[in-house]
Amino acid sequence: MDTLTQYGFTDRIRDLFISAFPPSTTPSHPEPARAVRTDRGRVLLATANGHLQVDGEGTVVTGDWVAVAPKDDDGAAPPAVVGVLPRYSTLQRKRAHDPLSEAQILGANIDLVGVVVPMDRPLSANRLERTLVAAWDSGAVPVVILTKADLSSRFDDVVAQTVERSRGVEVFTTSAEAGDGLDALHSRIGAGTTLALIGPSGAGKSTLTNALVGSPVQDTGRVRAGDGKGRHTTTARELIPLGSGSVIMDTPGLRGFALWDAEGGLEAVFGDIEELFLSCRFNDCAHDAEPGCAVRDALDHGFLEERRWLSYRKMQRELAGLHRRQSAAEQHRHARSFHRLARDAAMSKDYRNRFREG
Ligand SMILES: Nc1nc2c(ncn2[C@@H]2O[C@H](COP(=O)(O)OP(=O)(O)OP(=O)(O)O)[C@@H](O)[C@H]2O)c(=O)[nH]1
Ligand SMILES: [Mg+2]
Ligand SMILES: [Zn+2]
């Protein structure tokens, strides 16, 4: 198996590549490659003939399928990325603390997003839901991966709670330490499939990766004794081949997950709530204290959990705020270009008048 196939290259990607970069007769015809890791302007690529490091222009993200070619036709210049294939999935979040509200792409061309939930600390339902929203929205299929099962004192409870919160998403229970659940997860990641692991620092993403690969390819860290928090051992997103054509993307632990344009994901995780809205008496029900509110009714009768409703509300407000800022920025740009046009028009009128007078 060549290096590219180890990194998930399939006939489907080959077809996409050929239609984007039709074969030509020039010797510098671009070759397909995959971005394994991007780091301070450098991109590590996997090609059919092994790894290759090139300068990245900031347009390539981990997981991208790219075209790489010599910079000039005689092949003297170093190889460079000359094109990026359209991404079939993009895992992204809003950059934290960024007033300009820009998206940060965590990875591209992911088939499965593994939402990693460690069993050595209390389950955070809000965090799980939020990550599932982003995972659904990426265009990939989410799976939930419970880790450190050997450290759980309330194993059955936590699994049951997680399954309930995951709303139909497949849940895998693993222990890298004891070697449990690894085969089931491994066989879920077929050849040509990329599984990205996301979750908090210290959740055991790199340990799980190593256990699946069968050798210590990734550094792993300790967790603090007090709160079980990790120390951000992994610092870059990286693709790791499992040897069978299936690929893992190990990622640095995320502190928080601010959503980016994730309405689709919100609907996937909270579809039942959005369906309730249809039964409210008023079309524009704010679900606060309106008479005939189906949400209030469901809350009062215990059909809808208050925590879950608040979790939904919070994410919905967050997205609404994001859209307001986006459209404010858009209007600002609009106004500026309008002022410029108006000014240019005024100037040319002024000029025409003077011309006429003169
Ligand atoms: N007992 C036990 N410990 C585990 C298991 N998986 C991971 N750990 C431990 O948890 C700690 C953190 O594991 P990592 O794999 O480094 O966690 P991570 O999610 O990669 O963390 P970051 O790279 O910081 O995001 C290490 O000390 C591991 O040995 C497990 O299944 N059982
Ligand atoms: Mg790690
Ligand atoms: Zn209502």
Side-chain angles (χ1 to χ4, degrees), residues 37 62 93 106-107 113-121 124 127 131 144-153 155 158-159 172-186 195-240 248-257 270 272-301 303-304 306 309-310 312-313 316:
R37 181 183 167 121
T62 306
R93 64 168 176 174
L106 299 178
V113 176
V115 177
V116 176
V117 180
M119 293 183 86
D120 62 346
R121 54 193 100 166
S124 164
R127 186 182 176 117
T131 321
V144 172
I145 305 173
L146 288 164
T147 53
K148 309 194 190 188
D150 57 292
L151 293 180
S152 178
S153 47
F155 180 84
V158 178
V159 174
F172 292 87
T173 308
T174 66
S175 164
E177 182 75 20
D180 290 338
L182 301 176
D183 289 345
L185 183 58
H186 200 307
L195 164 73
L197 299 177
I198 56 169
S201 179
K205 301 178 293 299
S206 300
T207 307
L208 180 63
T209 302
N210 290 341
L212 289 168
V213 175
S215 62
V217 287
Q218 289 292 84
D219 284 341
T220 59
R222 291 171 183 231
V223 294
R224 292 198 298 238
D227 52 10
K229 285 208 173 127
R231 294 156 192 255
H232 297 275
T233 307
T234 307
T235 55
R237 292 175 283 280
E238 184 165 350
L239 298 185
I240 294 133
I248 298 250
M249 188 187 294
D250 190 13
T251 70
L254 296 172
R255 277 191 195 86
F257 211 110
F270 295 101
D272 57 322
I273 293 184
E274 298 190 343
E275 215 156 274
L276 276 179
F277 297 165
L278 302 174
S279 309
C280 293
R281 184 178 307 160
F282 302 112
N283 280 338
D284 61 347
C285 184
H287 323 299
D288 287 319
E290 283 85 348
C293 172
V295 175
R296 274 290 126 214
D297 194 60
L299 287 168
D300 291 345
H301 290 90
F303 297 129
L304 174 61
E306 184 90 27
W309 167 239
L310 295 177
Y312 170 80
R313 262 288 162 99
Q316 199 197 28

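As the structure lists them, so they are numbered: ligands from 1, and atoms in each ligand from 1.
Residue contacts with ligand 1: Thr251 is placed with no nitrogen or oxygen under 3.5 Å of a nitrogen or oxygen of the ligand (distance criterion only). When only interatomic distances are considered, the shortest N/O to N/O separation between Asp250 and ligand 1 does not fall below 3.5 Å. Residue Gly253 has at least one nitrogen or oxygen atom sitting less than 3.5 Å from a nitrogen or oxygen atom of ligand 1, judged on distance alone. At least one N/O-N/O distance between Glu177 and ligand 1 falls below 3.5 Å. In terms of polar-atom proximity, Thr174 is not counted as a contact of ligand 1, lacking any N or O under 3.5 Å from an N or O of the ligand. Note: no N/O pair closer than 3.5 Å links Ala149 and ligand 1 by distance alone.
Between Leu195 and Gly114, the shortest heavy-atom distance links the atoms CD1-N, 3.5 Å. The two residues Asp219 and Thr234 come nearest to each other via the heavy atoms O-OG1, 4.2 Å. Across all their heavy atoms, Ala203 and Thr147 have their closest contact at O-OG1, 2.7 Å.
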Determine, step by step, whether Leu197 and Ile248 satisfy the side-chain contact (heavy atoms from CB on, under 4.5 Å) criterion, reporting the C-alpha distance in whole Å, the side-chain angles of both residues, the deciding distance to 0.1 Å, and the verdict.
CA-CA 7 Å; Leu197 299 177; Ile248 298 250; 4.0 Å; yes
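If you take CZ on Phe172 and CG on Leu208, they are separated by 11.0 Å, rounding to the nearest 0.5 Å. With values rounded to the nearest 0.5 angstrom, Glu238 atom CD is found 11.5 Å from Thr251 atom OG1. Between the OG1 atom in Thr233 and the CD atom in Gln218 there is a gap of 10.5 Å [rounded to 0.5 Å]. The structure places CG of Asp150 at 9.5 Å from CE of Met119, a figure rounded to the nearest 0.5 Å. Separating the CZ atom in Phe303 from the CG atom in Leu276 is a distance of 10.5 Å, to the nearest 0.5 Å.
Scanning the protein heavy atoms around atom 21 (O) of ligand 1, the nearest turns out to be Gly202 N, 2.9 Å. Thr207 OG1, 2.5 Å is the protein heavy atom nearest to atom 15 (O) of ligand 1. In terms of protein heavy-atom proximity, atom 31 (O) of ligand 1 is nearest to Ala176 N, 2.9 Å. Protein heavy atom nearest atom 22 (P) of ligand 1, with residue, atom name and distance: Ser201 OG, 3.6 Å. Closest to atom 17 (O) of ligand 1 among all protein heavy atoms lies Gly204 N, 3.1 Å. Protein heavy atom in closest approach to atom 12 (C) of ligand 1: Gly221 O, 3.0 Å. Residue, atom and distance of the protein heavy atom nearest to atom 5 (C) of ligand 1 are Lys148 CG, 3.5 Å.
The part of Leu151 lying near ligand 1 is the side chain, judged by heavy-atom distances below 4.0 Å. Here Asp150 has side-chain heavy atoms under 4.0 Å from ligand 1, and that is the only part of it that gets that close. Contacts of Arg222 with ligand 1, taken as heavy-atom pairs under 4.0 Å, involve the backbone alone.
Under the 30°/60° scheme for interplanar angles, the aromatic rings of Phe277 and His287 are found to lie parallel.
Among the atoms of Ser206, an N, O or S atom falls under 2.8 Å from the Mg ion (ligand 2). Residue Thr207 does not count as close to the Mg ion (ligand 2), with no N, O or S atom under 2.8 Å.
One option in Lys205, Gln218, Met119 has a heavy atom closer to atom 19 (O) of ligand 1 than any other, and that option is Lys205.
With the Zn ion (ligand 3) as the vertex, atom SG of Cys293 and atom SG of Cys285 span an angle of 110° (nearest 10 degrees).
Shown here is Asp300, whose CG atom has more than 12 heavy atoms of other residues, nucleotides or ligands within 6.0 Å. Few gaps surround CG on Asp297; more than 12 heavy atoms of other groups in view lie less than 6.0 Å from it. Summarising the local packing, CG of Asp272 is surrounded by more than 12 heavy atoms from other residues, nucleotides or ligands at distances under 6.0 Å.
The atom of His287 that is an N, O or S and sits closest to the Zn ion (ligand 3) is ND1.
Every atom of ligand 1 with a heavy atom of His232 under 4.0 Å away is listed here by number and element: 24 (O). Of all atoms in ligand 1, listed by their number and element, those nearer than 4.0 Å to a heavy atom of Ser175 are 31 (O).
Shown are Pro252, Ser201, Pro200; of these, the side chain to side chain contact (heavy atoms under 4.5 Å, CB included) with His232 is made only by Ser201.
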